[in-house]
Asker: 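If you scroll down you'll find the structure; I have some questions about it.
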Amino acid sequence: VQLQASGGGLVQAGGSLRLSCATSTAIFSRSTMGWYRQAPGEQRELVASSTSGGSTNYADSVKGRFTISRDNAKKTVYLQMNSLKPEDTAVYYCRLIGRYDVWGQGTLVTVSS
């Protein structure tokens, strides 16, 4: 099982980015998908998650600004990030939690002030 994350980049504060994480595994629809991030010198933290049943969960720091969504037909999970702040700068990772526990390779998001 492999996850391919994309969509990172450099954006000014207040801007938006959409991250994507695609896989080919058939278990995608039955798995919880999560977005995590790790800033330099910090521990990796959960940003948002989406269960197979449609429940979502967000870190307090991103509530109201980030939205996780999934397209089971495309086997892709998205993270729409709006009103970005410099403190959102990090490497963002997607994770599949189900029959397997798999991490994507990470995509760098840099928010300039």
Asker: Counting C-beta onward and ignoring hydrogens, is there a side-chain heavy-atom pair between Thr89 and Val109 closer than 4.5 Å?
Answerer: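 Side-chain contact under 4.5 Å: no.
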Asker: Looking at residues at least two apart in the chain, or sitting in another chain, which of them share a salt bridge (Lys or Arg N to Asp or Glu O under 4.0 Å) with Arg70?
Answerer: none
Asker: Decide side chain to side chain donor-acceptor pair (under 3.5 Å) for Arg95 and Tyr36; before the verdict, give the C-alpha distance in whole Å, the side-chain angles of both, and the deciding distance to 0.1 Å.
Answerer: CA-CA 8 Å; Arg95 181 184 184 189; Tyr36 293 72; 2.9 Å; yes
Asker: Roughly how far, to the nearest 0.5 Å, is the CD atom of Gln12 from the OG atom of Ser113?
Answerer: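 So the OG of Ser113 and the CD of Gln12 are separated by 9.5 Å.
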Asker: For residues 47-60, which residue pairs qualify under salt bridge (charged side-chain N to carboxylate O under 4.0 Å, His left out), counting only residues two or more places apart or in two chains?
Answerer: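 Salt bridge (charged side-chain N to carboxylate O under 4.0 Å, His left out) check on residues 47-60 returns Asp60-Lys63.
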Asker: Looking at residues at least two apart in the chain, or sitting in another chain, which of them share a side chain to side chain contact (heavy atoms under 4.5 Å, CB included) with Ser6?
Answerer: Ser20
Asker: Once side-chain hydrogen bond (donor to acceptor under 3.5 Å, both in side chains) is applied, do any residues pair with Gln105, and if so which ones, sequence neighbours excluded?
Answerer: none
Asker: Could you walk me through whether Asp71 and Thr76 pass side chain to side chain donor-acceptor pair (under 3.5 Å), step by step?
Answerer: CA-CA 5 Å; Asp71 185 330; Thr76 301; over 6 Å; no
Asker: Counting the benzene-type ring for Trp, do Phe66 and Trp35 have ring centres under 6.0 Å apart?
Answerer: no
Asker: Show, in sequence, the C-alpha distance, side-chain angles and deciding distance for Val1 and Thr23, and conclude whether the side-chain contact (heavy atoms from CB on, under 4.5 Å) test is met.
Answerer: CA-CA 7 Å; Val1 177; Thr23 183; 4.1 Å; yes
Asker: Can you tell me how far OG of Ser69 sits from CZ of Arg18, rounded to the nearest 0.5 angstrom?
Answerer: 7.0 Å
Asker: From Arg37 CZ over to Glu45 CD, what is the distance, rounded to the nearest 0.5 angstrom?
Answerer: 4.5 Å
Asker: Give me the atom names and distance for the closest heavy-atom approach of Leu79 to Ala48.
Answerer: CD1-CB, 4.1 Å
Asker: Quick test of your reading: applying disulfide bond (SG atoms under 2.5 Å apart), list the pairs with at least one residue in residues 72-113, sequence neighbours left out, ordered by first then second residue.
Answerer: Cys21-Cys94
Asker: Name all residues meeting the salt bridge (Lys or Arg N to Asp or Glu O under 4.0 Å) criterion together with Arg65; count only those two or more places apart in sequence or in a different chain, and write none if there are none.
Answerer: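 Once residues adjacent in sequence are excluded, the partners of Arg65 under the salt bridge (Lys or Arg N to Asp or Glu O under 4.0 Å) criterion are Asp88.
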Asker: Could you report the tightest heavy-atom contact between Ser16 and Asn82, atom names first, then the distance?
Answerer: OG-OD1, 2.9 Å
Asker: Specify the closest pair of heavy atoms between Thr32 and Thr51, including all atoms of both residues, with the distance to one decimal.
Answerer: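 For Thr32 versus Thr51, the nearest heavy atoms are OG1-CA, 3.8 Å.
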Asker: For Ile27, does its backbone N or O pair with a side-chain atom of Ser31 as donor and acceptor, under 3.5 Å?
Answerer: yes
